Amino acid sequence: MSETIIQLEGINFFYNGFQAIDGVSLSIGPGVYGLLGPNGAGKTTLMKVILGHLRPAAGKGRILGSDLDAGLTEVRRCIGYMPESHCLIPGMDAVTLTSYMGELSGMPRQEAIKRAHEVLYYVGLEESRYRMTDTYSSGMKQRLKLALALVHDPELMILDEPTSGMDPGGREEMLQLIVDIAAKGRMNMIISSHILADIEKTCARVLIMNHGRIVSEQQSLDFAGGDTSIFEVGIKGEPGLFLEQLQGIHAETDRRGLLRLHLPPDFPPMSLFRLALDTGVQIRHFRPSRLTLEDAFVTAIGESHAR
Amino acid sequence: MPVKERGYHGWEGSLAPRRLPWFPITLQGIRQVKDKKRAKLLFFFSAFPFLFFLIGVYVASKPELRFLDEITRVINDDSQFFDLFFTRSGLMFVLFLLSVYAGSDLISADLKFNSIQLYLSRPLKPIDYLAGKLAVVMFYLLMFSLVPALLLVAAKLLFSGTWSLGFSTLAAIFVYPFLASLALASLVLLFSSFSANTRLVIVAYVGFFFFTNMLAGILSGVVFNHSALGLLSPERTMRHLAALLFGTKAAMAAPLWVAPLLVVGVSLVALAWTLTRIRRVEV
Amino acid sequence: MAPVLEAESLSKWYGNILGVSDISLVLMPGVHGLLGPNGAGKTTFLRLASGQLKPNRGRIRIFGEPVFNNPGLFQRVGFCPENDAYYRGVSGGDYLSFLARLHGASTQKARNLARTALHQVGLEEVAGKAISAYSLGMRQRLKVSAAILHDPQLLILDEPLKGVDPLWRVRITDLIRDFASRGRTVIVSSHVLPEIEAMTNRIVLIHQGQILAEGDIQEIRGLLDSHPHMVSVCAPHFRRIAERFVGDHHVLTIRFDNVRQKVVFNTDNRDHFFACLNRFVVEENLEIEEITSPDDNLQAVFNYLVGRK
């Protein structure tokens with residue numbers, strides 16, 4: 001298997017004169033990538049180019065080792081696509097629909113039926129697998145779409161807003177499934193979502209798009225390496241005395257009620273614990289401040305606007 | 001014994017390209033049409049023309065029942081017999097009904113439920129999708145035109161014991177139902193691709209046949225008094241085609257070669273148009 | 001301070017389908033996050049609160065006034081429904097001006113109000129475009145601006161951030177917090193728990209038509225005695241820290257993560273545990289990288305109460 005999953009160079013795409021993709025070049029290796037961006041940034045268009053549904057006006061590329069110019073019909077055999085909109089085929093139960101999709105991807109019929117039962121069980125639809133899919137709730141349709149994208153055990157999955165319309169319980173289960181598929185199945189994925197918390201839970205790397213361009217590539221979501229002098233501290237008890245002792249240290253309270261302390265270089269972080277003990281408070285939360293994905297996103301979009 | 005742990009498991013097989021990538025669409029479509037409401041009833045009535053002609057063949061083969069000389073003469077003339085079977089036996093109406101029944105929702109329901117993108121996210125091109133759907137309608141139409149015709153051939157052989165069929169008639173028995181099915185199937189799919197509302201599709205499709213028939217009747221009979229204008233009517237064009245293929249007497253004063261040209265032309269235009277409609281669907 | 005919203009044994013059925021059943025609730029000013037699984041009755045409750053439905057039983061009052069059939073009240077209430085309902089050909093600006101006129105503003109004032117409201121959600125540039133040309137996120141923002149147009153005292157938002165991109169999620173979250181910081185009230189429903197956490201720490205959790213919990217997330221978490229608290233400590237000498245707690249009967253389980261040099265405790269007495277931990281760190285002069293509480297969030301509270309796993 002090739003080491004690069006997706007390789008794009010100078011891709012342009014126009015919708016009736018509007019430039020939806022503006023010279024995108026990127027190289028995606030194995031792993032799980034998040035694709036972020038404001039509405040109209042070109043995320044969905046880019047996914048459609050990767051799926052071969054849209055032909056770019058200019059540019060070269062290879063998807064799973066196949067050339068973009070040669071057409072990507074065959075490549076879609078190895079791609080599992082979970083579209084954002086609800087789609088189903090009326091008058092079919094889940095097993096029929098899932099095995100049918102497996103057959104269309106090239107599985108033998110018997111194998112496809114067997115596999116359909118497996119993936120439906122896996123996504124948590126085992127009890128409703130003989131029910132007509134048109135009677136499904138929106139959360140169940142979401143699971144069904146994941147099953148359809150999984151049935152042929154693809155090499156690359158493209159998930160567009162995988163948790164939309166799901167309630168908190170369902171959403172968490174969906175994210176766990178995605179994490180599990182990525183880990184156990186060594187699946188390569190591209191996940192687009194507006195919910196940064198979802199991306200943080202599932203993706204190792206993030207691409208941020210704006211105005212049809214890739215404006216930022218985060219190679220790691222572990223932002224710990226940022227600023228090591230800022231600490232998040234959660235205090236239980238009366239913080240007055242504790243804060244008094246911290247005079248000269250810049251402290252601010254964030255949304256969650258945590259203190260953000262900007263410690264000077266000569267201030268050993270561990271001495272905070274002694275300070276807490278002396279002033280009668282407990283430190284219940286302590287960690288070096290990290291950039292969140294939200295920070296990274298806002299910065300990347302802000303910079304791309306300034307340019 | 002190896003342990004199968006919880007969690008995601010891949011599939012151990014390999015995904016092989018199919019020679020006919022659209023074939024699963026056809027099989028699935030055939031199954032779905034068969035499972036529709038009142039399918040059995042429709043199929044039963046669709047077999048009526050065949051049963052009627054089968055009885056005719058039987059009657060003609062029994063000398064003691066030869067009280068209707070006129071009919072027997074027609075039945076024993078193969079080309080006239082099959083021309084009658086295809087164009088005057090109500091079979092055309094049966095095929096028309098079948099095309100509505102099997103074809104009207106094939107694309108329109110997919111438009112309504114957003115399923116075309118399910119197909120196109122698989123290794124299929126729009127033309128594969130269309131081919132798969134076309135084959136569904138073709139299957140049912142041929143099932144009730146070509147298949148009974150071949151059975152009649154067999155029955156004739158069985159009852160009379162002699163092979164009387166000429167090559168050109170035998171070829172026509174294959175070509176005519178094929179062209180008729182192709183035309184009906186491509187037209188119904190075109191109408192089906194016009195709207196996500198299947199009822200509207202049916203109304204438009206039935207209306208199209210009704211209107212063209214009426215127009216042909218008025219123009220050829222009343223306004224211009226020129227029978228060639230009957231070509232506007234699909235029904236009369238099909239009879240014209242049958243006249244050419246079976247060498248029987250044509251009802252219209254138009255050259256015979258116009259009929260196949262028209263039938264194939266309309267089918268191709270309808271298919272090409274349907275294809276652009278499918279391509280235009282936002283995937 | 002007078003309560004903003006009072007519900008007394010409020011019930012609503014649709015035939016034999018349960019909407020909400022016997023809800024009693026008093027909400028004070030501030031942001032209240034309304035959450036629950038699909039079909040829990042959130043939308044029914046919001047419709048009752050915005051006077052679109054008449055309760056079968058019980059009462060609901062806003063600012064002390066009955067809600068149903070009381071149009072005067074809606075000068076002070078802004079509502080953002082979950083689904084779109086727009087006149088397709090109308091432009092965003094005209095739509096808002098029209099709504100402002102309905103609220104009794106003069107033509108000129110209505111235009112100004114519309115402009116201000118559109119500015120707040122960043123739609124002023126597309127004010128002249130037909131709504132049918134808006135993206136989902138833009139329509140969603142337009143709904144929010146329609147709800148805040150007349151500067152109401154109470155804002156009721158049903159899934160306002162659905163389909164909104166991350167940038168505007170942050171801004172609308174800020175807008176909501178800012179709105180409530182001026183002594184006003186927001187009731188907002190969402191399926192995305194981190195979003196609720198970013199807006200408020202006061203929640204109302206509805207399940208099967210009933211209120212399972214109401215109040216401060218931390219307090220609710222504290223009340224869940226049957227679920228021990230999870231504390232994760234990341235440190236180079238994480239096994240030494242664990243050793244210290246092996247004999248402690250308030251620590252129920254200890255789990256190690258060798259890769260991340262982490263130990264995770266389950267304790268039924270947080271006060272005791274943290275007191276010991278803090279003292280131990282200071283006495284032994286240990287290096288600590290992180291102390292976090294992985295289940296001290298809304299998702300955990302939700303899972304415990306709604307009972308999945």
Side-chain angles (χ1 to χ4, degrees), chain A residues 36-41 43 84 137-140 161 163-173 193-201 208 210 224 232-234 236-237 255-257 268-278 281-288 293-294 297-298 301-302 305, chain C residues 35-40 134-138 161-170 173 177 190-201 218 231 233-234 270-271 273-275 277-283 285-293 296-299 302-303 306-309:
Chain A
L36 295 175
N39 289 326
K43 301 186 300 285
E84 183 183 0
S137 70
S138 67
M140 293 165 79
E161 298 282 347
T163 60
S164 81
M166 299 190 91
D167 65 12
R171 154 172 262 118
E172 211 197 2
E173 281 177 29
S193 176
H194 278 330
I195 299 164
L196 300 180
D198 289 3
I199 298 290
E200 280 177 326
K201 266 191 193 155
I208 300 176
N210 198 18
E232 284 176 6
V233 177
K236 162 87 177 192
R255 280 178 190 161
R256 291 168 294 168
M270 282 307 116
S271 60
L272 286 173
F273 284 87
R274 175 161 294 281
L275 206 61
L277 204 61
D278 292 346
V281 295
Q282 290 178 356
I283 292 186
R284 290 198 161 184
H285 178 97
F286 174 84
R287 77 172 183 193
L293 185 54
E294 189 176 297
F297 182 81
V298 171
I301 299 296
H305 276 290
Chain C
L35 45 119
N38 279 333
Y134 284 19
S135 69
L136 173 62
M138 286 159 95
L161 298 183
K162 199 163 94 182
V164 175
D165 67 45
L167 214 54
W168 277 100
R169 269 169 204 259
V170 177
T173 304
R177 292 167 66 90
S190 174
H191 274 331
V192 185
L193 302 182
E195 247 166 52
I196 297 266
E197 279 174 313
M199 289 179 206
T200 179
N201 44 27
Q218 293 301 320
V231 180
V233 181
C234 191
R270 277 204 294 181
D271 262 333
F273 177 82
F274 278 112
L277 179 67
N278 275 10
R279 203 171 313 118
F280 188 63
V281 168
V282 173
E283 281 166 5
N285 213 0
L286 292 172
E287 188 79 14
I288 298 282
E289 276 166 21
E290 263 186 36
I291 300 176
T292 52
S293 304
D296 199 11
N297 58 29
L298 192 48
Q299 183 79 50
F302 184 91
N303 289 352
V306 178
R308 284 187 201 244
K309 284 180 213 155

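Letters A, B, ... are given to chains in the order of the sequence lines, protein chains preceding strands, and every chain is numbered from 1. All of these numbers come straight from a predicted model, not from anything done at the bench.
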| request: Could you have a look at C/Ala198, C/Ser293, C/Ala40 and say which one has the most heavy-atom pairs with chain A under 4.5 angstrom? | output: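 The residue among C/Ala198, C/Ser293, C/Ala40 with the greatest pair count is C/Ala198.
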
Highest number of heavy-atom pairs under 4.5 Å with chain A among C/His191, C/Arg279, C/Glu195, C/Glu289 belongs to C/His191

Tell me, for [X] versus chain A, whether the close heavy atoms (under 4.5 Å) come from the side chain, the backbone, both or neither.
X        : answer
C/Val231 : neither
C/Thr292 : both
C/Leu193 : side chain
C/Asp296 : neither
C/Pro166 : both
C/Val281 : side chain
C/Leu277 : neither
C/Arg169 : side chain
C/Arg177 : side chain
C/Asn38  : both

Smallest heavy-atom separation, C/Leu167 atom then A/Ile301 atom, equals CD2-CG2, 3.4 Å

Smallest heavy-atom separation, C/Gln299 atom then A/Pro168 atom, equals NE2-O, 3.5 Å

Query raised in the report: Going by heavy atoms in the side chains, are A/Met270 and C/Glu287 under 4.5 Å from each other?
Result: yes

Could you tell me if the side chain of A/Arg284 sits less than 4.5 Å from the side chain of C/Asp271, heavy atoms only? yes

So CZ of C/Arg270 and CD of A/Gln282: to nearest 0.5 Å the spacing works out to 9.5 Å

Separation between CG (A/Leu277) and CD (C/Glu283), nearest 0.5 Å, reads 7.5 Å

Checklist line | Donor-acceptor contact below 3.5 Å, side chain C/Asp165 vs main chain A/Pro38 | finding: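 No: the side chain of C/Asp165 does not pair with the backbone of A/Pro38.
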
Turns out that what part of A/Phe273 lies under 4.5 Å from chain C's heavy atoms comes down to both

Heaviest contributor of heavy-atom pairs below 4.5 Å to chain C, chosen from A/Lys236, A/Glu172, A/Arg274, is A/Glu172

